[in-house]
Novice: 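Sharing a structure here in structure tokens format.
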Amino acid sequence: MTLDTTFDPASIEARWYKHWEETGGFRPERPDAEPFTIVNPPPNVTGSLHIGHALDNTLQDIVIRYERMRGKDALWVVGTDHAGIATQMVVERQMEQRQDKRTNYSREDFVDKVWDWKRESGGTITTQLRRLGCSMDWSREQFTMDEHFTKAVLKTFVDLYNDGLIYRDKRLVNWDPKLKTAISDLEVETQTIAGGFWHLKYPLEDGVTLSDGRNYIEVATTRPETMLADMAVAVHPNDDRYSSVVGKHVVLPITGRRIPIVADEHADPELGSGAVKVTPGHDFNDFEVGKRAGFAAGDMLNMLDGDANVCQTSDGMVPEEFLGLHRFKRDGKDGAREAVVARLKADGYLIPHIAKTKKGEEVEHDAEPRQIATPFGDRGGVVIEPWLTDQWYVDAEKLAAKPIEQVKDGTIEIVPKTWKKTFFNWMENIQPWCISRQLWWGHRIPAWFDAEGNAYVAEDEAGAQAQAGKGVALRQDQDVLDTWFSSALWPFATLGWPDDTNLVKKHFPNNLLISGFDILFFWDARMMMMGQYNMGTAPWPKLYLHGLVRAADGAKMSKSKGNVVDPLGLIDQYGADALRFFMAAMESQGRDIKMDEKRVEGYRNFATKLWNATRFCQSNGIGASSTLKAPTARLAANQWIIGEVQQVCAEIEQAMTDLRFDAAANAIYQFTWSKFCDWYLELIKPVFAGDPDAMPAVETREVAGWALDQILVMLHPFMPFITEELWHAQGERKYDLIVASWPNPRAEVSKEATDAIDWVIDLTTNVRSAKNELGIAPGAKLAAFLPTASDLASGTIERSSAAIERLARLTPVTLGEAPDGPAMQVTAGSDVFIIPLEGIIDIGEEKARLEKSLAASQKEAKSLEGRLSNANFVERAKPEAVEKAKADFAHHSAEVERLEGALKRLG
RNA sequence: GGGCGCAUAGCUCAGGGGUAGAGCACUGUAUUGACAUUGCAGGGGUCGGAAGUUCAAAUCUUCCUGUGCCCA
């Protein structure tokens with residue numbers, strides 16, 4: 001096959017992907033091989049590929065392709081997450097566009113419609129992952145609401161319940177009044193927004209006064225509207241200002257509710273007046289204060305409904321005019337907050353805030369302006385309302401114990417390890433996990449209630465009925481489970497658990513998990529808990545956490561900022577291989593990646609470079625190699641490249657062991673471009689000018705073909721498309737590159753040969769540099785003399801004269817004294833070449849060049865001399881360091897001598 | 001307020017007790033056969049600041065400054 005001069009990724013990517021998928025390349029049958037398993041963080045079924053996915057999946061694909069080539073029974077599990085809230089929102093939004101809504105349908109009909117949507121529009125991302133080249137096992141694509149997955153979810157729930165690790169509780173939850181569901185702590189994002197601090201007067205009852213004679217207590221609040229459900233006023237137990245009134249009562253304005261003054265350490269004497277209103281039903285801190293003050297959760301007053309509109313409290317004391325108002329201003333319409341403040345003000349219960357203008361005039365405001373840390377729902381985007389409801393909870397504290405231990409003792413390694421502290425910090429302070437959601441789309445909670453509200457938990461209704469007794473009317477819990485409850489089972493439920501399948505036996509525990517740090521708590525930690533609970537072991541021994549891909553200016557990418565980079569656009573422009581290589585090359589541990597399109601472009605250029613190198617090989621009859629092991633080589637250049645392949649292979653393996661994707665990518669990049677293309681191909685060009693059937697050409701074709709094949713293999717995990725294309729372009733192959741073997745080049749390479757090539761490279765570089773500085777045409781051929789030649793020099797000049805002529809452009813090279821006259825000196829290793837300059841160049845320029853080198857060597861020599869004359873250094877430094885300093889000093893001293901001599905000769 | 005990072009060439013980043021590297025950008029130069037999505041050569045950094053440990057600190061320790069993220 002002949003290749004075009006430029007590489008066009010688009011023309012090959014789809015073809016190869018299809019081929020791999022159709023021929024089972026992603027999951028070759030290797031029943032006897034050692035398993036290697038990773039599971040893909042299941043993207044939301046509503047999702048589309050963003051740059052973060054591109055990073056996450058590129059890294060995983062590099063690992064799985066690498067392990068597959070190393071002969072493992074490699075399995076990369078893939079699938080999508082049903083994404084409860086996100087998916088329900090998508091379908092509801094589509095309904096809204098048709099002036100339709102969810103509640104127009106029965107639950108069953110609505111869920112059917114979501115399934116319809118999933119079948120028709122869901123899973124866009126799976127196509128996009130294919131474009132990135134991800135070699136996942138699509139033959140077993142998973143979905144978190146597959147039948148067998150549901151089975152795993154139900155079993156887990158029932159087992160946890162029976163073990164007392166799932167329970168129902170009435171307590172405050174994070175309520176999203178827009179989505180009208182509870183959410184977990186992790187789904188709440190705190191943002192600081194501008195708000196106010198209102199100061200209120202609560203009149204003391206029964207003629208009680210404070211020590212200063214005041215007949216009211218001042219309380220300050222950021223949420224004045226909740227005073228409709230206040231149940232106490234708290235002061236600090238050591239606060240002398242209030243000690244006399246603890247146990248007394250105040251009568252609330254507006255409602256007239258009589259509430260106690262309690263002592264509680266939650267009240268901060270330094271803050272405001274030191275007294276705080278307590279609303280146990282609408283504030284997490286107040287809930288705890290309320291409990292300490294003796295209120296049962298069931299008795300705590302609730303003044304808001306599920307939409308966060310004011311409703312009547314159980315004591316019936318909220319005035320009619322407030323009922324139905326939204327908690328605060330919305331769509332320009334005043335809410336309960338505004339109404340309560342207006343009423344307090346009118347009745348004289350509001351203490352105004354006095355502010356001074358720039359001119360020093362005093363101005364009254366209703367509230368003191370403040371920045372308030374406010375909780376928002378990450379999906380709904382509205383302020384979260386702490387709300388008292390019955391929900392299902394997982395006892396996360398108990399489940400977290402073993403994972404904490406495992407990370408501590410190294411059973412689970414977290415890479416990079418800086419994340420361990422963050423992990424412990426969260427796990428050791430973990431709160432009960434609220435797992436019930438008031439949605440329709442998701443795993444229905446397997447609990448049934450009788451008329452008295454007793455719960456019966458079983459995998460199916462029959463089981464619950466059996467527990468409740470015949471004839472007892474049961475109604476299933478209306479709620480569904482948090483999406484993360486099911487994805488926590490991903491490492492084993494995808495393999496068929498709870499059935500005892502061969503896949504589970506062979507591929508659990510998995511070998512590695514790669515995920516972004518943003519889901520460390522959401523997903524990774526919960527997999528650890530559920531893996532341990534269900535399987536009795538950690539889900540994987542190693543967790544690799546990568547960072548975020550940021551915009552070029554370092555900002556977080558977001559749709560609202562409009563700085564989102566579409567990975568598919570980059571693939572269109574530069575090819576999937578270039579984008580992948582960029583991701584790998586930029587992925588150093590523990591740092592976010594800044595988008596740098598120039599760099600993606602650079603890796604596209606790298607692909608073109610490899611493409612053209614292959615074209616060169618083809619034009620010289622260099623084709624597919626026939627052996628895995630390195631061919632026997634006699635020519636120095638061939639031995640040299642074999643040695644270099646061994647080195648780079650070892651480097652890549654080390655980098656992969658360390659999960660240093662950047663180091664691995666850079667190693668293969670430098671080898672391919674700077675070693676193979678820049679030197680090896682140049683070194684062997686003269687060989688092909690000679691007899692094509694003679695030993696040198698035959699051997700070189702063989703070695704070059706082998707070396708190129710090793711490049712294709714080692715580069716394949718990073719750039720799968722171009723390497724597969726070139727693999728086949730190079731000749732008939734017994735198998736595709738995707739299932740080829742990783743190099744194992746255990747060849748003997750002579751030091752003489754590699755030294756010789758290194759010497760030629762040194763000579764060539766120095767000649768080119770000297771010419772450049774002296775303004776001699778790069779192509780000019782110069783005669784050179786070597787008065788005293790090292791063994792290396794004389795041998796190399798004899799055997800590699802063609803390379804020296806072609807690369808260093810020295811011809812002829814005479815072993816012997818140079819004729820008198822102006823000349824320049826060029827070194828190669830310890831050898832000094834004399835190159836006559838008469839008529840070629842201005843002597844002054846050569847002198848300037850030598851003086852520059854002389855100054856550099858003098859500086860080095862002086863510094864080394866100083867160090868060596870320091871007795872402390874010679875006595876106390878490591879012997880190697882002293883030896884090296886001595887050798888360096890000797891070298892630079894000799895250089896100084898040589899250069900001074902050369903300068904003297906030039907006059 | 002607590003925790004975790006980061007600060008190295010113009011930019012984006014590696015490195016790491018023995019005197020500093022890559023890619024891009026920049027400068028000069030090269031063009032009849034692999035490649036201008038190229039080759040060759042080159043300029044450019046007192047490694048954020050201060051103190052300490054050490055024969056030796058960009059590297060280790062402490063503090064400071066700036067900056068980012070997470071949690072409350």
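In what follows, every chain begins at residue 1, and chains take the letters A, B, ... in the order their sequences are listed.
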Novice: Heavy atoms under 4.0 Å, any strand shown: does Lys878(A) hit a base, just sugar-phosphate, or nothing?
Specialist: base
Novice: If you look at every strand shown and take non-hydrogen atoms under 4.0 Å, does Glu682(A) touch a base, only sugar-phosphate, or nothing?
Specialist: base
Novice: Give Ser588(A) one of three labels, base, sugar-phosphate or nothing, depending on what nucleic acid heavy atoms sit under 4.0 Å from its own.
Specialist: sugar-phosphate
Novice: Does one side chain, of Tyr544(A) or Glu413(A), offer a donor that lies under 3.5 Å from an acceptor on the other?
Specialist: no
Novice: Could you tell me how far apart Lys685(A) (NZ) and G33(B) (P) are, to the nearest whole angstrom?
Specialist: 9 Å
Novice: Could you tell me whether the side chain of Lys771(A) reaches within less than 4.5 Å of the side chain of Leu782(A), counting heavy atoms only?
Specialist: yes
Novice: Does this structure show an ion pair linking Glu865(A) with Lys862(A), if we count only N-O contacts that are shorter than 4.0 Å?
Specialist: no
Novice: Taking atom types as they are modelled, would you say the side chain of Lys609(A) forms a donor-acceptor pair with the base of C35(B) within the 3.5 Å cutoff?
Specialist: yes
Novice: For Met586(A) and A22(B), what is the distance between atoms CE and P respectively, to the nearest whole Å?
Specialist: 16 Å
Novice: In this structure, how many angstroms lie between the C1' atom of U37(B) and the CD atom of Glu601(A), rounded?
Specialist: 7 Å
Novice: Which of these nucleotides, A14(B), G68(B), C35(B), is closest to any side-chain atom of Arg550(A)?
Specialist: G68(B)
Novice: Select base, sugar-phosphate, or nothing to describe what Asp678(A) touches, counting heavy atoms under 4.0 Å on all strands.
Specialist: sugar-phosphate
Novice: Please state how far atom CG in Asp518(A) lies from atom P in C71(B), giving the value in whole angstrom units.
Specialist: 11 Å
Novice: Using the six-membered ring wherever Trp is involved, compare the ring planes of Tyr669(A) and Phe606(A) and label them parallel, tilted or perpendicular (cut-offs 30° and 60°).
Specialist: tilted
Novice: If you look at every strand shown and take non-hydrogen atoms under 4.0 Å, does Thr765(A) touch a base, only sugar-phosphate, or nothing?
Specialist: sugar-phosphate
Novice: Closer to the 5' end of RNA chain B via nearest nucleotide, is it Gln670(A) or Ala552(A)?
Specialist: Ala552(A)
Novice: Check every atom of C24(B), U38(B), A34(B) against the side chain of Lys598(A) and return the nucleotide holding the closest atom.
Specialist: C24(B)
Novice: So Cys617(A), base contact, sugar-phosphate only, or nothing? Heavy-atom distance under 4.0 Å.
Specialist: nothing
Novice: Mind checking Ser769(A) for me? I need base, sugar-phosphate or nothing, with any heavy atom below 4.0 Å counting as a touch.
Specialist: sugar-phosphate
Novice: Contact class for Arg660(A) (heavy atom, under 4.0 Å): base, sugar-phosphate, or nothing?
Specialist: sugar-phosphate
Novice: Among the candidates A7(B), C35(B), G43(B), find the nucleotide nearest to the side-chain atoms of Arg591(A).
Specialist: A7(B)
Novice: Round to the nearest Å and state the distance from Leu186(A) atom CG to C70(B) atom C1'.
Specialist: 12 Å
Novice: Taking the minimum atom-to-atom distance to the side chain of Arg599(A), which one of G43(B), G23(B), G39(B) wins?
Specialist: G23(B)
Novice: Counting side-chain heavy atoms from CB outward, which of G23(B), A25(B), G18(B) is closest to Ala881(A)?
Specialist: G18(B)
Novice: Regarding Asn870(A), tell me which of base, sugar-phosphate or nothing describes its non-hydrogen contacts under 4.0 Å with the strands shown.
Specialist: sugar-phosphate
Novice: Taking the side chain of Thr608(A) as heavy atoms from C-beta outward, which of G43(B), U37(B), C35(B) is closest to it?
Specialist: U37(B)
Novice: Between Trp426(A) and G3(B), is there a side-chain N or O to OP1/OP2 distance below 4.0 Å?
Specialist: no
Novice: Of the options A34(B), U38(B), C24(B), whose atoms approach the side-chain atoms of Phe616(A) most closely?
Specialist: A34(B)
Novice: Could you state the CD-C1' distance from Gln589(A) to C4(B), rounded to the nearest angstrom?
Specialist: 16 Å
Novice: Tell me: CZ of Arg849(A) to P of G28(B), nearest whole Å?
Specialist: 22 Å
Novice: Salt-bridged, Arg223(A) to Asp283(A), with N to O below 4.0 Å?
Specialist: no
Novice: Is the Lys NZ or Arg CZ of Arg604(A) less than 6.0 Å from the centre of Tyr574(A)'s six-membered ring, within 45° of the axis?
Specialist: no
Novice: Between A34(B), A41(B), U29(B), which nucleotide has the shortest distance from any of its atoms to the side chain of Pro778(A)?
Specialist: U29(B)
Novice: So which nucleotide from U12(B), U19(B), U29(B) ends up closest to the side chain of Asp596(A)?
Specialist: U12(B)
Novice: Please report the distance, rounded to the nearest Å, between CG in Asn872(A) and P in U54(B).
Specialist: 11 Å
Novice: Salt-bridged, Lys847(A) to Glu773(A), with N to O below 4.0 Å?
Specialist: no
Novice: Classify Arg604(A) by what it touches in the nucleic acid, base, sugar-phosphate, or nothing, heavy-atom distance under 4.0 Å.
Specialist: base
